[in-house]
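Report on the following structure.
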Amino acid sequence: MADKKVPYKIYLNEDEMPKSWYNLRADMKNKPAPLLNPGTLQPLKAEELAPIFCEELVAQELDETTPYIEIPEEIRDFYKMYRPSPLVRAYCLEEKLQTPAKIYYKFEGNNTSGSHKLNSAIAQAYYAKKQGLKGVTTETGAGQWGTALSMACSYFDLDCKVYMVKVSYEQKPFRREVMRTYGASVVPSPSETTEVGKKILAEHPGTTGSLGCAISEAVEVATKNPGYRYVLGSVLNQVLLHQSVIGLETKIALDKYGIKPDMIIGCAGGGSNLGGLIAPFMGEKLRGEADYRIIAVEPASCPSFTRGTFAYDFCDTGMICPLAKMYTLGSGFIPSPNHAGGLRFHGMSTTLSQLYHDGFMEAVSVDQSSVFEAAEQFARVEGILPAPESSHAIRVAIDEALKCKETGEEKTIVFGLTGTGYFDLVAYQKYNDGEMTDEIPTDEQIAASVAKLPRVDI
Ligand SMILES: *Cc1c(COP(=O)(O)O)cnc(C)c1O
């Protein structure tokens, strides 16, 4: 089996696609710590989450015992429009690097929204529709999540209100237009449409907004309008659950050719693509059936795993959302502008944080300019123009392949290529013009932010 020639692209047939998502928490001995109510600091109950999130999604969020959760047929049908996604053998990159390593990547950019976020967007829209809701609200920074959600909502005929960080709304008009084409209403945040938006505008006239502020607006609109709920595109357990489709497909494709990876690499913003990609492999590791090196890659400008603290913190800057125990740089940490917008979150998924804390995975941080060098090298030989976020994983995959070149080891590397970079051409322009800078927070900056973590004794 192992010597069977592996094709450039391993595609699965429709009938080989996973019929259930895999809930990694079921196999964890040390479960992720519970979300806390920001007011009482007590673990959140389902009924406290129900006014904000859809019922079925609350159940998934709190379920840490059911290993497999069936993917409803309606969602599987939607998945079939762009899944299974190919697992590509990077023969051209291996040749270019002259490495004995075998490199594979799972490509999630093959849909109009251009990233893996659609895997969870369609699930969240489905459960909202099933509950008979009118619509959903959300925030978006760089715009990938808002785009994915607008596609999912139009499919199920749901209203979609997106609060887009004002600076992105103005500087990234193209994603905004994709969202509007799919029928979403896109409001620059902070706005006059909410109480919290008005308050922020009064205090900080002319502000260009932040993700934390957009979250506060989206939550307010969801809770004040009957028939609406709020949805989120990363960090939460439910999102990691939906994204497990990435890892399950990867595992099925590798098993077809008898391939066992030595290491699995993914970029980490809130942790959803990485959590999804590694899910079945980490499951085997937790059950003692196999061992893999699992590597999270984050930007040096926002190093939650590598330089953050494992503690309870707020998920948003406005401090209205639940507290989560995670690796965090502090909810007030403002990363310097980095072109990988999707990786600029101060915290990390509670599930991945616990696994990292317990030594089941590693993390590295990489500089922006070295990330774009890797992106360019990859684009020139593999053809795909990668998203800046995804290119963090490419950087480390290349570094590991080059180590194999030195040692002569034929390691098998799998990494997640989460999306395409067509909407990130301003970043590529900066790189091509030699104007890209690397901004790394000082120890003092991180210490000052972490010093403001909420005090929680639980
Ligand atoms: C949002 C995004 C990420 C990071 O989010 P995670 O939840 O950490 O996966 C990575 N890549 C792309 C293309 C994204 O849009």
Side-chain angles (χ1 to χ4, degrees), residues 85 105-121 124 138-151 164-165 168 172 175 178-179 211 231-247 264-279 294-299 301-305 315 324 326-328 335 338-353 355-356 361 363 365-366 371 375 378 384-396 415-424 427:
S85 72
Y105 56 90
K106 180 73 168 162
F107 181 47
E108 291 293 319
N110 250 338
N111 66 73
T112 296
S113 75
S115 83
H116 66 285
K117 292 204 170 69
L118 194 54
N119 300 332
S120 184
Q124 299 195 43
T138 198
E139 75 292 330
T140 197
Q144 287 100 320
W145 168 244
T147 313
L149 188 68
S150 64
M151 285 178 72
M164 186 170 188
V165 178
S168 304
K172 301 198 171 176
R175 277 207 181 275
V178 180
M179 287 184 253
L211 210 50
V231 293
L232 183 64
S234 183
V235 188
L236 297 175
N237 291 320
Q238 55 186 277
V239 186
L240 268 72
L241 175 74
H242 307 146
Q243 295 297 355
S244 70
V245 69
I246 305 174
I264 303 163
I265 301 169
C267 62
S272 74
N273 87 83
L274 179 67
L277 173 66
I278 67 173
I294 290 172
I295 310 173
V297 189
E298 53 187 18
S301 59
C302 192
S304 326
F305 269 138
C315 291
M326 58 187 175
Y327 278 85
T328 177
N338 174 296
H339 294 292
L343 302 181
R344 294 185 60 211
F345 181 61
H346 65 274
M348 186 57 67
S349 135
T350 56
T351 299
L352 294 190
S353 292
L355 290 166
Y356 179 66
M361 53 187 278
S365 70
V366 288
V371 165
F378 180 86
I384 296 169
L385 183 76
E389 291 89 350
S390 324
S391 305
H392 286 68
I394 300 177
R395 171 74 273 160
V396 173
F415 73 87
L417 189 70
T418 50
T420 49
Y422 303 124
F423 289 108
D424 300 285

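First listed ligand is number 1; within each ligand, the first listed atom is number 1. Any value given below was found using the heavy atoms of this structure, including those in side chains, with hydrogens, waters and symmetry copies removed.
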Inset, instruction - Return the minimal non-hydrogen interatomic distance between Ser391 and Val371, and the atom names on each side. - result: CB-CG1, 3.5 Å
Legend entry - ligand 1 N/O within reach of Gly271 N/O, cut-off under 3.5 Å: yes
Legend entry - Asn273 and Glu389: side chain donor to acceptor below 3.5 Å: no
Inset, instruction - Could you tell me whether the side chains of Ser390 and Thr418 share a donor-acceptor contact shorter than 3.5 Å? - result: yes
Inset, instruction - Answer with side chain, backbone, both or neither: which part of Ser272 has a heavy atom less than 4.0 angstrom from an atom of ligand 1? - result: both
Inset, instruction - Specify the closest pair of heavy atoms between Pro386 and Phe378, including all atoms of both residues, with the distance to one decimal. - result: CG-CD2, 4.1 Å
Legend entry - For Leu343, the ligand 1 atoms whose distance to one of its heavy atoms is below 4.0 Å: 4 (C)
Inset, instruction - Note the single closest protein heavy atom to atom 7 (O) of ligand 1, along with its residue, its atom name and the distance in Å. - result: Ser234 OG, 2.5 Å
Inset, instruction - For Cys267, take its heavy atoms, then give the atoms of ligand 1 lying under 4.0 Å from any of them. - result: 10 (C)
Inset, instruction - Among all protein heavy atoms, pick out the one at the shortest distance from atom 10 (C) of ligand 1; state its residue, atom name and that distance to 0.1 Å. - result: Glu389 CB, 3.5 Å
Legend entry - Shortest non-hydrogen contact from Ser304 toward His346: OG-O, 3.5 Å
Legend entry - Sub-4.0 Å atoms of ligand 1 with respect to non-hydrogen atoms of Ser115: 13 (C), 15 (O)
Legend entry - Ser113 side chain to Thr147 backbone, donor-acceptor under 3.5 Å: no
Legend entry - Atom pair CG/CD of Leu149 and Glu139 - distance to nearest 0.5 Å: 10.0 Å
Inset, instruction - Could you pull out, from Glu108, Gln144, Lys117, His116, the option with a heavy atom nearest to atom 2 (C) of ligand 1? - result: Lys117
Inset, instruction - Just let me know how Gln243 lines up against ligand 1, side chain, backbone, both or neither, with a heavy-atom cut-off below 4.0 Å. - result: neither
Legend entry - Heavy-atom pair with the smallest gap, counting every atom of Gly270 and Ser234: CA-OG, 3.3 Å
Inset, instruction - Ignoring hydrogens and angles, tell me if any N or O in the side chain of Ser120 forms a donor-acceptor pair with the backbone of Lys117 under 3.5 Å. - result: no
Inset, instruction - Kindly compute the distance separating CD1 (Ile246) from OG (Ser272), expressed to the nearest 0.5 Å. - result: 7.0 Å
Legend entry - Ala268 N/O to ligand 1 N/O under 3.5 Å: no
Inset, instruction - Please report which non-hydrogen protein atom sits nearest to atom 4 (C) of ligand 1, along with the residue it belongs to and the distance in Å to one decimal place. - result: Gly342 O, 3.3 Å
Inset, instruction - Please report which non-hydrogen protein atom sits nearest to atom 8 (O) of ligand 1, along with the residue it belongs to and the distance in Å to one decimal place. - result: Gly269 N, 2.7 Å
Inset, instruction - Select one of side chain, backbone, both or neither to describe which atoms of Val235 lie under 4.0 Å from any atom of ligand 1, heavy atoms only. - result: neither
Inset, instruction - Considering heavy atoms of the protein only, find what lies nearest to atom 12 (C) of ligand 1 and give residue, atom and distance to 0.1 Å. - result: Thr418 OG1, 3.4 Å
Legend entry - Short N or O distance, Gly233 and ligand 1, threshold 3.5 Å exclusive: no
